[in-house]
Amino acid sequence: MKLIRFGEAGKEKTGVIINDIKYDTSAFGEDYNEVFFENDGLNRLNKFVEENTGKLPVIDDNVRLGAPFARPSKIVCIGLNYAKHAKETNAPIPAEPIIFFKSTTALIGPNDDVVIPKNSVKTDWEVELAFVIGKKASYVSKEEAMDYVAGYCLHNDISEREFQLERGGTWDKGKGCDTFAPIGPWLATKDEIENPHNLRLWLKLNGKTLQDGNTDDFIFDIPTVLSYVSQFMTLLPGDVISTGTPHGVGLGFIPPVYLKPGDVMELGIDGLGTSRQEVKAFFGK
């Protein structure tokens with residue numbers, strides 16, 4: 001299945017995509033959240049869809065899509081997980097996965113605007129494959145790790161490099177700004193993706209392709225990442241783990257290239273659709 005959520009921000013309804021047609025599943029009565037995933041929601045939803053074939057309302061293609069799941073308890077990210085990306089940033093190949101967090105308040109829909117934070121001059125892009133946890137995970141072995149994956153989605157790990165790298169402390173403050181986690185358009189269940197370790201992913205800025213990589217360049221594969229993270233924290237159903245970005249980020253250019261108001265990012269992953277974000281200036285206090 002492909003799960004979507006649609007409608008006004010903060011008031012999204014649930015849906016699915018079947019044969020490229022979007023259907024409203026709000027009559028199912030549950031959001032795609034921790035409780036849903038924890039209580040066999042994917043199988044129950046699949047049964048509901050089968051029982052209501054031909055009865056589900058069709059969603060207009062012009063309706064806004066939100067993130068394909070409700071706000072999770074955490075968004076965990078892995079840094080420098082592509083060999084070519086580590087090389088372009090002059091970073092050594094990590095001996096262990098690098099863990100950082102994005103604030104859950106950064107979560108937005110796949111085609112929502114990205115806002116450059118106040119006082120930012122180094123906002124950057126990062127197309128990434130993310131996966132969603134399907135059941136509570138703690139001290140999981142590599143051999144069992146894939147049993148804990150509910151599905152996969154497209155993520156743009158927007159990053160403010162000055163906040164991340166030049167202000168001291170951890171990376172988190174350059175990663176969790178508002179609008180810095182556009183995710184979607186859909187969550188593809190695990191059976192939809194034959195091999196998550198061989199997926200092309202790409203990003204265009206103003207029509208020019210800047211990132212064009214493949215998950216076969218992972219330093220740490222998905223079972224390794226999930227098992228590793230679960231040694232340090234309990235992963236709850238619906239939690240997101242983003243697996244890193246391929247080469248071609250703005251930081252890696254000479255001189256570096258950063259986002260400015262009016263820029264348009266378009267990105268995609270094989271089997272996981274595409275998204276588009278316009279960049280806006282910060283207006284506020």
Side-chain angles (χ1 to χ4, degrees), residues 1-33 36 41-42 44-72 106-115 125 127-132 150-158 179-194 199-209 211 238 240 262-280:
M1 283 190 299
K2 294 183 177 76
L3 280 61
I4 59 172
R5 294 167 71 253
F6 67 97
E8 182 183 347
K11 299 179 180 179
E12 291 90 349
K13 298 179 180 180
T14 61
V16 294
I17 298 177
I18 303 172
N19 296 326
D20 297 325
I21 299 175
K22 301 182 184 75
Y23 293 98
D24 183 339
T25 62
S26 55
F28 179 66
E30 298 178 39
D31 202 353
Y32 302 150
N33 55 22
F36 168 82
L42 291 176
R44 292 186 295 105
L45 176 65
N46 187 56
K47 182 179 180 182
F48 170 83
V49 170
E50 289 179 350
E51 291 175 347
N52 288 275
T53 299
K55 302 176 185 178
L56 297 174
V58 174
I59 303 167
D60 189 285
D61 283 337
N62 294 319
V63 173
R64 171 190 175 270
L65 291 179
F69 41 78
R71 185 185 298 175
L107 184 67
I108 58 172
N111 303 308
D112 291 344
D113 293 338
V114 166
V115 178
W125 58 85
V127 59
E128 302 199 3
L129 170 67
F131 62 90
V132 174
Y152 305 96
C153 50
L154 170 65
H155 174 214
N156 192 354
D157 174 20
I158 307 295
T179 75
F180 270 26
I183 295 184
W186 58 73
L187 170 66
T189 52
K190 192 164 50 175
D191 58 293
E192 293 269 345
I193 302 298
E194 182 177 354
L199 297 176
R200 177 178 177 246
L201 63 171
W202 54 270
L203 182 143
K204 296 180 180 179
L205 179 64
N206 301 325
K208 182 179 180 180
T209 300
Q211 290 189 277
V240 179
D263 283 345
V264 175
M265 294 173 285
E266 299 168 277
L267 54 150
I269 302 179
D270 290 348
L272 297 175
T274 62
S275 66
R276 180 183 186 275
Q277 298 99 41
E278 295 186 21
V279 179
K280 304 293 186 181

When you measure from the side chain of [X] to the backbone N and O of [Y], does any donor-acceptor pair fall under 3.5 Å?
X: R276; Y: N111; answer: no
X: D270; Y: L199; answer: no
X: Q277; Y: P110; answer: yes
X: Q211; Y: V127; answer: yes
X: D24; Y: G15; answer: no

Interatomic spacing from [atom1] in [X] to [atom2] in [Y] - rounded to 0.5 Å:
X: L45; Y: K47; atom1: CG; atom2: NZ; answer: 12.5 Å
X: R5; Y: L65; atom1: CZ; atom2: CG; answer: 10.5 Å
X: D263; Y: W125; atom1: CG; atom2: CH2; answer: 8.0 Å
X: L107; Y: F180; atom1: CG; atom2: CZ; answer: 14.0 Å
X: I21; Y: I18; atom1: CD1; atom2: CD1; answer: 8.5 Å
X: E278; Y: E266; atom1: CD; atom2: CD; answer: 10.0 Å

Apply side-chain hydrogen bond (donor to acceptor under 3.5 Å, both in side chains) to [X] and list each qualifying residue two or more places apart in sequence or on a separate chain.
X: K13; answer: none
X: T25; answer: T14, Y32
X: T274; answer: none
X: D191; answer: T189

Qualifying residue, where the test is side-chain contact (heavy atoms from CB on, under 4.5 Å) with L56 and the options are N52, T53, I59, V58: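 Testing each of N52, T53, I59, V58 against L56, the sole residue satisfying side-chain contact (heavy atoms from CB on, under 4.5 Å) is N52.
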Please report the shortest heavy-atom distance between [X] and [Y], naming the atom on each side.
X: L201; Y: E128; answer: CD1-CA, 4.0 Å
X: C153; Y: W186; answer: CB-O, 3.4 Å
X: G271; Y: I193; answer: O-CD1, 4.0 Å
X: V114; Y: I108; answer: CG2-CD1, 4.4 Å
X: I4; Y: P185; answer: CG2-O, 3.6 Å
X: G184; Y: S275; answer: O-CB, 4.0 Å

Could you tell me which residues satisfy ring pair (Phe, Tyr, Trp, His ring centres under 6.0 Å) with Y152, sequence neighbours excluded, listed by chain and number? none
Listed partners of K2 passing salt bridge (Lys or Arg N to Asp or Glu O under 4.0 Å), at least two apart: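 Here the qualifying residues are E192.
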Below 4.5 Å, heavy atoms only, C-beta onward: do [X] and [Y] meet side chain to side chain?
X: P182; Y: D112; result: no
X: V240; Y: F69; result: yes
X: L3; Y: L42; result: yes

Using the rule salt bridge (Lys or Arg N to Asp or Glu O under 4.0 Å), only one of E50, E30, E51 pairs with R44; which is it?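 Exactly one option meets the salt bridge (Lys or Arg N to Asp or Glu O under 4.0 Å) with R44, and it is E30.
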